[in-house]
Colleague: 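One structure coming up, written as structure tokens, with questions to follow.
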Protein chains: 2
Amino acid sequence: MSKTQESFASTISSEITATLRDAIITGEIAQGSKLSETKLARDFDVSRGPLREAIRNLEGMSLIAYIPQQGARVVTLSKELVLDIYDAREALESKAAALAATNMSSREIDELHRIIDAQGKHMRDNSNAYIPAESDYDFHNTLVRGAKNKVIENALLQRLYYLIKMFRYQNDFANKSTSNSLLEHRQIVYAIELRDPELASVTAKRHIAHTRARIMRRLNALNSANGSKANN
Amino acid sequence: MSKTQESFASTISSEITATLRDAIITGEIAQGSKLSETKLARDFDVSRGPLREAIRNLEGMSLIAYIPQQGARVVTLSKELVLDIYDAREALESKAAALAATNMSSREIDELHRIIDAQGKHMRDNSNAYIPAESDYDFHNTLVRGAKNKVIENALLQRLYYLIKMFRYQNDFANKSTSNSLLEHRQIVYAIELRDPELASVTAKRHIAHTRARIMRRLNALNSANGSKANN
DNA sequence: CGCCTGAAAAATGTCGACAGTTGTTGCGAC
DNA sequence: GTCGCAACAACTGTCGACATTTTTCAGGCG
């Protein structure tokens, strides 16, 4: 996968953080599996110090859970957790859209246009295809940054989006943004251009709620189909 | 101050985390000041290892910002950041209230009643007094936990509330919840009892928005009064 | 007088080793 | 054969020291 964010500082721990982050997102390191400091230190050929730092960083991204005296485990994206994530995202991103309607610069709005126009072109060129995941991330990243709220930005970009990326990467169906998504993106940009926070909030809220509902249907279908095909 | 949360594991780093956390919240360690690993390690008479862990933990609570190769600094609660915090809180807590209306057990609703009844009694006994800060925390903690959403709960209880507690502790006026707050608490509980997510969401949203507005007025008043009385 | 330079001081980054805890395994008793 | 206990192995927690980077500040140049 393309690096989520280049995030380089020249420290070993930050490099390991990025490497592990991507390995977790792609599923190369399985959900629920344990991250052994000793083993990883051998693998990366570094001491355990930087590794502990990296694990703490991943904990800050919500990608792992840390239990004292026991170690770190990769988060398990249960159906409940995924739906919780989308509820939280709905709350934060609808507020972000409202704030963006007030605070976004016209230059940033242009950027939103550029992104959704590219999405539209891509759909015309590949009739009825899906929006590329990267392009969808671009749209939401730009929207969130336009809100000019560091707390919301941090919660979404540094925490929830990693989990969502992980979920999408490991569940093909979750990447299938239809033409509905593009339409909803257009509505959000329209509301922001009107400088109408209420409308922007409602349209963004619905956009996320629709995505959540689609995911819930798919997860329920998988559940009833697979029955007891639980993972260890 | 009373310990925010006893959070004991028998590890040194967790104890130091709790101690530093409280020192930052009370302002004993000033906003914007640097946390020197070397110095703190001497003060606590431990090696730098556990201290680095503690600093990472505090970073996870948003109480400090960490800059590679430079170290950790206590967060500075600028007017902009405080208002951002309350906007994020409005988004998350209104959603929490909506979810609580659906998911809260009757036992938990009873707990909410117990809390606001105590608040009412306290106000009658000390005519027109303020709601004690601890009691206000109790109310919101119970509400948020009742939403049964681990992501929202984590964002509020493990991050935003520490910052809010810090702001309140260091700004006396921010603690002055009037009888309005009690009334709004009652409205929220009422909506939850009705199992009406929409009403719960709106009432909670207004409650936070009112608090935010009151704080904004006070901060603006301080700003124009103090002029250039900036801190180093 | 101010600015640049560079060496000294201090701080952060990393390492390897030891201590204490947790989890496992195999033996023995019932 | 099963349960419980003990020795062992593996892992996390902590430490002190070394390496590298940043900061400080005194000296000299313009």
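What you see is a predicted model, and the numbers here were worked out from it, not measured in a lab. FYI, side chains are in, hydrogens and waters are out, and symmetry mates aren't considered; it's all heavy atoms of this structure. Note on naming: letters A, B, ... go to the chains in the order of the sequence lines (proteins, then strands), and numbering restarts at 1 for each one.
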Colleague: Pick base, sugar-phosphate or nothing for B:L35, based on heavy-atom distances below 4.0 Å to the nucleic acid.
Modeller: sugar-phosphate

Colleague: If you measure from CZ on A:R52 to OH on A:Y66, what distance do you get to the nearest 0.5 Å?
Modeller: 4.5 Å

Colleague: Where the side chain of A:R48 is concerned, which of D:dT14, C:dT22, C:dG16 is the nearest nucleotide?
Modeller: D:dT14

Colleague: Would you mind telling me which of D:dT12, C:dA11, C:dG16 lies closest to the side-chain atoms of B:T38?
Modeller: C:dA11

Colleague: For B:L51, which contact category applies under a 4.0 Å heavy-atom criterion: base, sugar-phosphate, or nothing?
Modeller: nothing

Colleague: On DNA chain D, check which nucleotide each of B:K34 and B:V46 is closest to and give me the residue with the more 5' one.
Modeller: B:V46

Colleague: What is the separation between atom CD on A:Q70 and atom C1' on D:dC11, rounded to the nearest whole Å?
Modeller: 11 Å

Colleague: State which of D:dT21, D:dT12, C:dG16 makes the closest approach to the side chain of B:Q69.
Modeller: D:dT21

Colleague: Is there side-chain contact between A:M216 and A:L83, with heavy atoms separated by less than 4.5 Å?
Modeller: yes

Colleague: In terms of side-chain heavy atoms of A:I12, which of C:dT12, C:dC15, D:dC15 is nearest?
Modeller: C:dC15

Colleague: Between D:dG16 atom C1' and B:R42 atom CZ, what is the distance in whole Å?
Modeller: 15 Å

Colleague: What's the NZ-C1' distance between A:K39 and D:dA10, to the nearest Å?
Modeller: 14 Å

Colleague: Let me know the distance between CD of A:E37 and C1' of D:dA10, rounded to the nearest Å.
Modeller: 12 Å

Colleague: Could you tell me the separation between the CD1 atom of A:I55 and the C1' atom of D:dG13, rounded to a whole number of Å?
Modeller: 13 Å

Colleague: In whole angstroms, how far is the P atom of C:dG13 from the CD atom of B:E53?
Modeller: 13 Å

Colleague: A quick test of your reading: do over 12 heavy atoms of other residues, nucleotides or ligands sit less than 6.0 Å from OH of B:Y130?
Modeller: no

Colleague: At their closest point, which heavy atom of A:E93 faces which heavy atom of A:A204, and how far apart are they?
Modeller: O-CB, 4.1 Å

Colleague: Which of these nucleotides, C:dC15, D:dT12, D:dT14, is closest to any side-chain atom of B:T11?
Modeller: D:dT14

Colleague: Return the value, rounded to whole Å, for the distance between atom CZ of A:R52 and atom C1' of D:dC11.
Modeller: 11 Å

Colleague: Give me the ring orientation class for A:H185 and A:H207: parallel if the planes are under 30° apart, tilted from 30 to 60°, perpendicular past 60°.
Modeller: perpendicular

Colleague: Output the rounded distance in Å from CZ (B:R56) to P (D:dT14).
Modeller: 16 Å

Colleague: Can you find a side chain N or O atom of B:S36 that sits less than 4.0 Å from OP1 or OP2 on C:dA10?
Modeller: no

